Each structure stands twice: as C-alpha cells, then as structure tokens.
Amino acid sequence: RQRFEAICTDAWTAVSFDGIVLCSEMHGFAVLDPDSGTPLTEYISWLDGRSVEVVAGVRTIDAVRERLGDDRFRTLTGMRPRPGFPLLNLIHLARTRSLPEEVVVVSLPGWLAGNDAGSSPPEHPTILAGMALYDVVAAEPAAELLEVVYDIGGVRPRIGAPAADDAIAGHWSSPDGDDVPIHVGVGDHQCSVLGAGVATADIASVNLGTGSQVGLVDGPLDDSVEHRPFFDSRHLSAVTHIP
C-alpha cells in the first residue's frame with residue numbers, strides 16, 4: 001500500500017489527475033480485522049497453493065469439493081475448483097490460524113482503496129467472481145459459498161457489495177489535499193479483452209502466452225467453458241489454463 005501511495009504521489013508531481021482506475025489479478029485477497037481494518041494476513045495471490053496442504057488428514061481443496069461437488073462449485077462460481085482461489089485459501093487460513101469469527105475479505109484494489117473499520121469496500125463483479133465467493137448467475141455474493149467457509153473454517157467473511165463499472169471504492173489524498181476518487185478495480189482478464197477491442201459476440205479473444213485462454217463476449221454458457229462477469233452486465237465465456 002505504501003508503494004501505491006508513492007506511485008500516485010510521483011504521478012501527481014508530473015500532472016494532476018481526476019481519478020484512479022485499477023486493473024488487478026482476479027484471484028488475490030487479504031484478510032482484515034473487522035473492528036480496526038488492520039491486515040490480519042499478507043496479500044495472498046493466485047499463485048498461493050496452500051489449499052492443497054493436508055490439515056487434520058484432509059486437503060482443504062478436497063474438503064470443499066466433497067462438500068459442494070465440482071458441478072455445484074462450477075454452477076455457482078462459473079469456474080472449476082483450482083488451488084489459489086481465495087475461497088479455498090481463506091478456508092485453509094481459518095483451519096491453520098486463529099482468526100476472528102468475522103473477517104473482512106478484500107481484493108488488492110479494495111485494499112488499496114482503503115478500509116474503514118468494520119466496512120467492506122464495494123468490489124466490481126469481475127473481481128468478486130475471481131474470489132470464488134460470488135454467484136455468477138444471480139450476480140450477488142453467494143450465501144451458499146459463504147456458509148461453506150463458516151462450516152469448514154469457522155469464520156464468516158464480509159465481502160464488498162457488487163459495484164457498477166464506474167463506482168468509487170475510496171479516495172486518495174493528493175499532496176495538495178484533493179480527495180481523488182479511486183474507482184473499483186476490474187479483473188485483468190476482462191480488462192485485456194476489452195482493451196483488445198473484443199466487445200461483440202462475433203469476435204474471439206485468443207491469448208497464447210504464459211496464461212493462455214480463449215474468450216468470447218456473451219458466448220455460450222455450457223459446461224465446456226468458464227463463465228466470468230464482463231462489463232455492462234455482460235458475461236465472458238472462456239476456456240482458460242490452456243497448456
């Protein structure tokens with residue numbers, strides 16, 4: 001967070017700006033104390049695979065899969081269960097650390113936007129879905145998934161309410177005393193697809209690199225693809241993690 005402050009301050013010395021827009025990896029999170037807003041964990045990225053570690057004779061990812069089943073997990077989250085999802089890592093944290101019964105779970109953009117004690121900053125659906133705590137069909141935090149976190153991990157997470165594309169999550173105080181709005185962060189995958197000009201259903205996004213995927217805006221929603229929120233209440237059909 002100090003690095004974020006330094007970047008904004010350096011930019012301000014060159015030219016003042018009216019707002020801050022953030023793009024972020026979708027599957028990262030941090031846990032905050034609900035009373036003070038103090039971080040209880042480091043930032044945990046999508047590369048963190050702790051959910052495959054065995055605790056009390058069972059891997060956390062297997063405990064969640066047994067409880068929900070892969071089909072139900074995919075129906076709710078739009079994704080197949082994979083190590084690194086905040087849902088899984090949060091439960092694993094609760095199984096291995098002493099956490100308050102209620103915690104605030106924020107994305108990286110939500111963390112950077114600031115946190116008032118006891119509150120959860122609004123989050124864009126592209127980020128909430130990446131946490132695997134969001135019902136992509138109902139377009140709201142998934143009560144069933146939040147209950148799984150409590151049943152297996154013993155904690156009740158608070159997450160931000162779904163926010164519109166142009167919603168403000170917090171403010172940055174400039175060196176001149178201006179309250180510069182920080183807009184809700186958006187998912188890096190969706191942002192790259194939009195930036196590449198893929199906005200209609202007849203254009204496919206094909207990314208071949210370290211993270212390879214194929215995406216189609218408002219594409220099919222069958223079991224062969226993942227279902228991810230996009231912008232303007234649209235969705236992105238994607239085949240991800242291509243070898």
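Because only heavy atoms are used, hydrogens play no part in the values below, and waters and symmetry mates are left out as well, while side chains stay in. Sequential numbering from 1 along the given sequence is applied to the chain's residues. Model, not experiment: these values are computed from the prediction.
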* F231: ring pair (Phe, Tyr, Trp, His ring centres under 6.0 Å) partners, not counting sequence neighbours -> H124
* Report the residues that fulfil salt bridge (Lys or Arg N to Asp or Glu O under 4.0 Å) with E53, sequence neighbours left out, ordered by chain and then residue number. => none
* To do: Kindly state each residue pair satisfying ring pair (Phe, Tyr, Trp, His ring centres under 6.0 Å) with at least one member in residues 45-69, sequence neighbours excluded.
  => none
* Asked: Considering residues at least two apart in sequence or located in another chain, which fulfil the ring pair (Phe, Tyr, Trp, His ring centres under 6.0 Å) criterion with H27?
  -> F85
* Partners passing side-chain contact (heavy atoms from CB on, under 4.5 Å) against A167 (at least two apart in sequence or in another chain) -> A163, V184
* To do: Return each pair, listed once, that meets ring pair (Phe, Tyr, Trp, His ring centres under 6.0 Å) where at least one residue sits in residues 155-192; pairs must be two or more places apart or across chains.
  => W12-W172, F17-W172
* **Donor-acceptor pair between R95 and T60 side chains, under 3.5 angstrom** => yes
* **Any residue meeting ring pair (Phe, Tyr, Trp, His ring centres under 6.0 Å) with Y43, in chain and number order, not counting sequence neighbours** => none
* To do: Assess the side chains of Q190 and T126: does a donor N or O sit below 3.5 Å from an acceptor N or O?
  => no
* **Flag for S174-D176: side-chain donor and acceptor within less than 3.5 Å** => no
* **Residues that R74 engages under salt bridge (Lys or Arg N to Asp or Glu O under 4.0 Å), provided they are two or more places apart** => D223
* To do: State yes or no: do M79 and L216 share one hydrophobic cluster built from I, L, V, M, F, W and Y residues joined by side-chain heavy-atom distances below 4.5 Å, directly or via other members?
  => no
* Asked: Listed by chain and number, what are the salt bridge (Lys or Arg N to Asp or Glu O under 4.0 Å) partners of R80, not counting sequence neighbours?
  -> none
* Only counting residues at least two apart or in another chain, list the ones meeting side chain to side chain donor-acceptor pair (under 3.5 Å) with D166. => none
* Asked: With E144, which residues qualify under side-chain contact (heavy atoms from CB on, under 4.5 Å), at least two apart?
  -> L68, R72, L76
* **Partners meeting salt bridge (Lys or Arg N to Asp or Glu O under 4.0 Å) with E140 (sequence neighbours left out)** => none
